[in-house]
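One-based numbering along the sequence shown.
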Amino acid sequence: MTKPFNGAITDYFETEFPAALRKVVESADGAPVLGPDYPYDERLKKRQYKSEAAALQIELVKLQSWARDTGARMAILFEGRDAAGKGGTIKRFMEHLNPRGARVVALPKPTEREQTQWYFQRYTKHLPAAGEIVFFDRSWYNRAVVERVFQFCTETERQLFFDQVGGFETMLVRDGIHLFKIWLTVSRAEQMRRMRDRERDPLKHWKLSPIDIKSLGLWDDYTDAIAEMFDRTHTNIAPWTVIRSDDKRRARLAAQRVVLSAMPYAQRSMDVVGAPDPTLAGWPQSILPVRGAA
C-alpha cells in the first residue's frame, strides 16, 4: 500500500529524527511512549479507564442538561502539537452529548474573503448561544503558533493578534461565556510514534496534512512559539490549562475533569469528578518541558 506523501514520515524518521529518540520509538514496538518527565511508568489500565470514563460521561450529560436549562454558554478550545490527541479528546467529550446543543468547530484554511476580515471575525460566528457547548478543534491561536512557525502572517499581524486577544477573551468571559483553553502537550518520541502509526494505517491517513509533514523537523521552532504564546496569553481571566497527553487515556479523563470541576452544574457528583491530577494538568510553567526536551 502506498504511504501518504510518498513515505515522508518514514524517510524523516530514518534519516533525520534524533538517533536517541529513534531508539526509544523502535524499542516501544508500537506501544505508547511515555516521555522522561511523564509522572507515570505505564499507561492507565484499560479496565480502570473504562470505569472512570463511563462515570464521567454521566457527569457530562448532567452538564449539558444544566447548560440547556440555565442558558449557560461554553466555549472549550483545544490546542496542541500535531498528534497530541485533540480530536480524540473532543470525540470523548461528545460521545453521549446531544448534538443539538453541542458541536465541534474545526475551521479550514481562511478563504480569500476571510483573509481581508478582522482576524477574530471568522471565529465569532461560531461562538455558543444560550445552552450550547462549542468545542474548537484548533482556534484563533493558529496565529500565535502555526502561522508564526510557517510565516503565514506578517510580524505586524502577529503583534496585532497579541495586542487584541486578551481584550477579545475578556469580552467573551465578561459577557458570560465559560471559556476553557486547553493545551495538550506530547513528548517528541510519542508524537513521532503516532505520526508513524498514521502513516501506516489507511484509516488514519486523513489525519495527515502537508503542514504535518513540513512540521517534522521544526520541534524547537514550535517550542519557541508555544512559550511566547503562553507568556503573552495566559491571563487570570482566561488562563491556559496544559495536559500531558503521552497517555491518551489519562489525558482524556483529565480534560473532562478540568471542565467538570470548574462548572457549577446541578447534581454534580464530586466523588466522580474529583479534581484533575496535578501531575498531569496545570499551569503552563508547571507542566511544559523545557526547550529541546524529548
Side-chain angles (χ1 to χ4, degrees), residues 3-46 79-89 144-146 148-151 182-201 204-205 207-231 240 242-252 254 277-294:
K3 293 180 179 179
F5 301 101
N6 297 315
I9 294 173
T10 294
D11 290 344
Y12 176 80
F13 179 72
E14 293 177 348
T15 62
E16 298 182 56
F17 194 62
L21 294 181
R22 185 163 61 248
K23 291 180 181 179
V24 170
V25 175
E26 290 173 339
S27 64
D29 195 27
V33 177
L34 304 183
D37 65 335
Y38 196 75
Y40 295 94
D41 295 330
E42 59 182 19
R43 70 191 302 207
L44 186 66
K45 298 297 184 183
K46 190 172 184 178
E79 293 283 355
R81 293 181 187 267
D82 297 328
K86 298 178 291 296
T89 302
V145 180
V146 175
R148 167 184 161 168
V149 172
F150 289 98
Q151 298 182 349
I182 297 174
W183 180 275
L184 299 179
T185 185
V186 64
S187 67
R188 191 172 185 182
E190 174 59 9
Q191 182 195 50
M192 176 52 67
R193 185 199 68 80
R194 294 178 187 178
M195 296 290 280
R196 294 179 75 211
D197 181 55
R198 291 178 177 184
E199 184 184 57
R200 294 169 175 172
D201 188 346
K204 297 180 180 179
H205 285 177
K207 294 185 176 184
L208 296 173
S209 70
I211 290 295
D212 295 331
I213 305 305
K214 293 177 182 178
S215 298
L216 290 172
L218 300 174
W219 179 269
D220 282 338
D221 296 272
Y222 269 89
T223 300
D224 291 341
I226 293 164
E228 181 190 30
M229 179 193 71
F230 285 133
D231 183 58
W240 281 98
V242 178
I243 298 176
R244 302 179 196 267
S245 67
D246 283 6
D247 179 357
K248 290 183 178 180
R249 293 171 181 170
R250 285 192 172 93
R252 291 164 182 169
D277 184 338
T279 67
L280 293 175
W283 306 137
Q285 295 84 349
S286 66
I287 297 294
L288 282 178
V290 298
R291 188 182 193 275

Heavy-atom side-chain proximity of [X] to [Y] below 4.5 angstrom:
X	Y	value
Leu21	Trp219	no
Pro39	Arg250	no
Arg244	Tyr40	no
Asp41	Leu34	no
Asp224	Arg148	yes
Thr223	Asp220	yes
Ile9	Leu208	yes
Arg249	Lys45	no

Listed partners of Arg193 passing salt bridge (Lys or Arg N to Asp or Glu O under 4.0 Å), at least two apart: Glu190

If you look at every heavy atom in [X] and [Y], which pair is closest and at what distance?
X	Y	value
Val25	Val33	CA-CG2, 4.4 Å
Gly85	Thr89	O-OG1, 2.7 Å
Trp283	Trp240	CE3-O, 3.4 Å
Leu216	Ala8	CD1-O, 4.2 Å

Just by modelled atom types, is the [Y] backbone N or O under 3.5 Å from a matching donor or acceptor in the [X] side chain?
X	Y	result
Asp221	Val149	no
Thr185	Ile243	no
Lys86	Trp183	no

[X] [atom1] to [Y] [atom2] distance, which is reported to the nearest 0.5 Å:
X	Y	atom1	atom2	value
Met195	Asp82	CE	CG	5.5 Å
Ser209	Lys214	OG	NZ	9.5 Å
Arg200	His205	CZ	NE2	11.0 Å
Leu184	Glu79	CG	CD	9.5 Å
Leu280	Tyr38	CG	OH	4.5 Å
Phe13	Glu26	CZ	CD	4.5 Å

salt_bridge(Asp212, Lys207) N-O dist < 4.0 Å: no

From CA spacing to verdict: side-chain contact (heavy atoms from CB on, under 4.5 Å), Ser245, Arg194: CA-CA 12 Å; Ser245 67; Arg194 294 178 187 178; 4.1 Å; yes

Criterion side-chain contact (heavy atoms from CB on, under 4.5 Å) on Val146 and Tyr222, from CA distance to verdict: CA-CA 8 Å; Val146 175; Tyr222 269 89; 4.1 Å; yes

Residue pairs fulfilling side-chain hydrogen bond (donor to acceptor under 3.5 Å, both in side chains) with at least one residue in residues 6-20, sequence neighbours excluded: Lys3-Thr10, Thr10-Glu199, Tyr12-Arg188

